[in-house]
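Structure first, then comments.
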Amino acid sequence: MVSRKPFDRIDSCRLEKVTKKYGDRFAVKNLNLEIQGGELLILIGRSGSGKTTALRMINRLIEPDSGSISVNGIDVREFDPILLRRNIGYVIQNIGLLPHLRVSENIGLILKLESWKEEKIRERVKYLLNLVSLPPQIFMERYPHELSGGQQQRVGLARAMAMDPPLFLMDEPFGALDPLLRSQLQDEFCKIKKELGRTIVFVTHDINEAFRLGDRIAVMNNAELVQVGTPEELIFSPANDLVAEIVDSKRKYRHIDALKVRDIMQPLEKRYILYPGMSAASALDYMVKVGLEVALVFWNPENTGRVYLNDVLNAVSSGKSLEEAAKPLPLFSPEISLLEALARLKAEGESMGLVLEADKPAGILFSDRVLENLI
Ligand code: ADP
Ligand code: MG
């Protein structure tokens, strides 16, 4: 038995021929799956398909009947299960905060068990609360019942991050939240994920969430793995009808070749457009007043660009014009093919382009939102 800290980083986590039965029914059947270090792997599938069971075998909350699970080539059975679990963040839907402990105590509990000093624990708790967008001065001393569902979920996330584990297992963490809150937490979670660069196995039954968060997606059905791949691989080469149905709920992908920029562009609200003659200073006033981080500068089809608030600030302080501050944008006609437009954005290293109709700005095409817009 290895009694030291199991691992500091994840190179790979491998499930080989893993099987778990309850009675004579398979919960997980002959599962082969490799999770790569640094990726966020989604496990998706209908209720009862074996997602939770697969996840809980990784941190040994459930022991498989046969097969093996290894992290960095070491079988997890060689680790003390308690130490293993402290080294793996685990986040579930109803997060199970201890009701009689304050937020700070809930988050700091494991650190206390690990004999951290009070002062260091407080520091870490504050850092984590900031990370999940809960100002520590407001939330540290609260009890779980004084928090909204979304806030409790954030505290659960902070608690899972307390020991800075290199691996996270997340089982429908946002499942119980209302759609708006869910979307906000997903955005924040993406930021945290980037910042921390951790390896994550994330269970969901929501394909939108899977596309939004996942680097790769593993589809499970009836205790078996059906397919694993990037969102694009699943969309363009589904292994069977079930995968096609899951990734293609509105059946638009079948016709992606036929889609035009018009079908996917976001309508451009007038307030985002700065017109000729505006000075950098008045553009700055306007952007601050309307609350814009980014705006489009439009003179005529040959003369357009995009400015961020910072660019305008810099232009004002260095005496530059708005036109000089703007960076040119790729321009598209709404009638050209979406795939062609995406290829051009990629080639030019841009994430957005301006769609012009009859020489007037009509919409914006965001390359990273294309998948989201299709579902
Ligand atoms: P999912 O998370 O995909 O909804 P689970 O992994 O929870 O699926 O369950 C897979 C299958 O195993 C289901 O048919 C479920 O009823 C069964 N199962 C899970 N846990 C137990 C258990 N403790 N006892 C008996 N059957 C179980
Ligand atoms: Mg489940």
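These figures come from a predicted structure and were not determined experimentally. First listed ligand is number 1; within each ligand, the first listed atom is number 1.
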Side-chain donor-acceptor contacts of residues 165-172 below 3.5 Å, not counting sequence neighbours, with atom names and distances?
{"unit_1": "Asp171", "atom_1": "OD2", "unit_2": "Thr52", "atom_2": "OG1", "d": "2.8"}
{"unit_1": "Glu172", "atom_1": "OE1", "unit_2": "His205", "atom_2": "ND1", "d": "2.9"}
{"unit_1": "Glu172", "atom_1": "OE2", "unit_2": "His205", "atom_2": "ND1", "d": "3.3"}

May I ask whether [X] has any heavy atom positioned less than 4.0 angstrom from an atom of ligand 1?
X	value
His205	no
Gly45	no
Arg46	yes

Would one find an N or O of Ala54, backbone or side chain, under 3.5 Å from an N or O of ligand 1?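 Between Ala54 and ligand 1, no N or O pair is found under 3.5 Å apart.
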
Gly48 N/O to ligand 1 N/O under 3.5 Å: yes

Do any protein N, O or S atoms sit under 2.8 Å from the Mg ion (ligand 2), and which ones are they?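 The answer is Thr52 OG1.
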
Output side-chain donor-acceptor pairs under 3.5 Å for residues 16-25, partner residues at least two apart or in another chain, one line each.
{"unit_1": "Thr19", "atom_1": "OG1", "unit_2": "Asn30", "atom_2": "N", "d": "2.9"}
{"unit_1": "Lys20", "atom_1": "NZ", "unit_2": "Glu63", "atom_2": "O", "d": "3.2"}

Please indicate whether Asn300 has more than 12 foreign heavy atoms, meaning atoms of other residues, nucleotides or ligands, lying under 6.0 Å from its CG. yes

State whether the number of non-hydrogen atoms from other residues, nucleotides or ligands found under 6.0 Å of Glu335 atom CD is greater than 12.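 Counting neighbours around CD of Glu335, more than 12 heavy atoms of other residues, nucleotides or ligands fall under 6.0 Å, so yes.
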
In the protein, which heavy atom is nearest to [atom], and how far is it?
atom	value
atom 25 (C) of ligand 1	Tyr22 CG, 3.4 Å
atom 8 (O) of ligand 1	Gly50 N, 3.2 Å
atom 14 (O) of ligand 1	Arg25 NH2, 3.3 Å
atom 12 (O) of ligand 1	Ala27 CB, 3.3 Å
atom 9 (O) of ligand 1	Thr53 OG1, 3.8 Å
atom 7 (O) of ligand 1	Thr52 CB, 3.7 Å

If we ignore angles and hydrogens, is there a donor and acceptor under 3.5 Å between the side chains of Tyr286 and Arg271?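 No.
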
Side chains of Glu323 and Asn303: any donor to acceptor distance under 3.5 Å?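 Glu323 and Asn303 do have a side-chain donor-acceptor pair below 3.5 Å.
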
Evaluate the 4.0 Å heavy atom contact test for atom 21 (C) of ligand 1: does a protein atom fall under the cut-off?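 So far as the 4.0 Å threshold goes, atom 21 (C) of ligand 1 is in reach of a protein heavy atom.
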
Identify all side-chain donor-acceptor contacts of residues 218-225 below 3.5 Å with residues at least two apart in sequence or on another chain.
none

Main-chain N/O of [Y] paired to [X] side chain as donor or acceptor, under 3.5 Å:
X	Y	answer
Glu39	Arg198	no
Glu209	Asp206	no
Asn310	Leu313	no

Does the side chain of Leu338 come within less than 4.5 Å of Asp263's, by heavy atoms? no

Select one of side chain, backbone, both or neither to describe which atoms of Met220 lie under 4.0 Å from any atom of ligand 1, heavy atoms only.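 Contact part for Met220 vs ligand 1: neither.
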
Could you check whether the rings of Tyr275 and Phe298 sit parallel, tilted or perpendicular, using 30° and 60° as the cut-offs? perpendicular

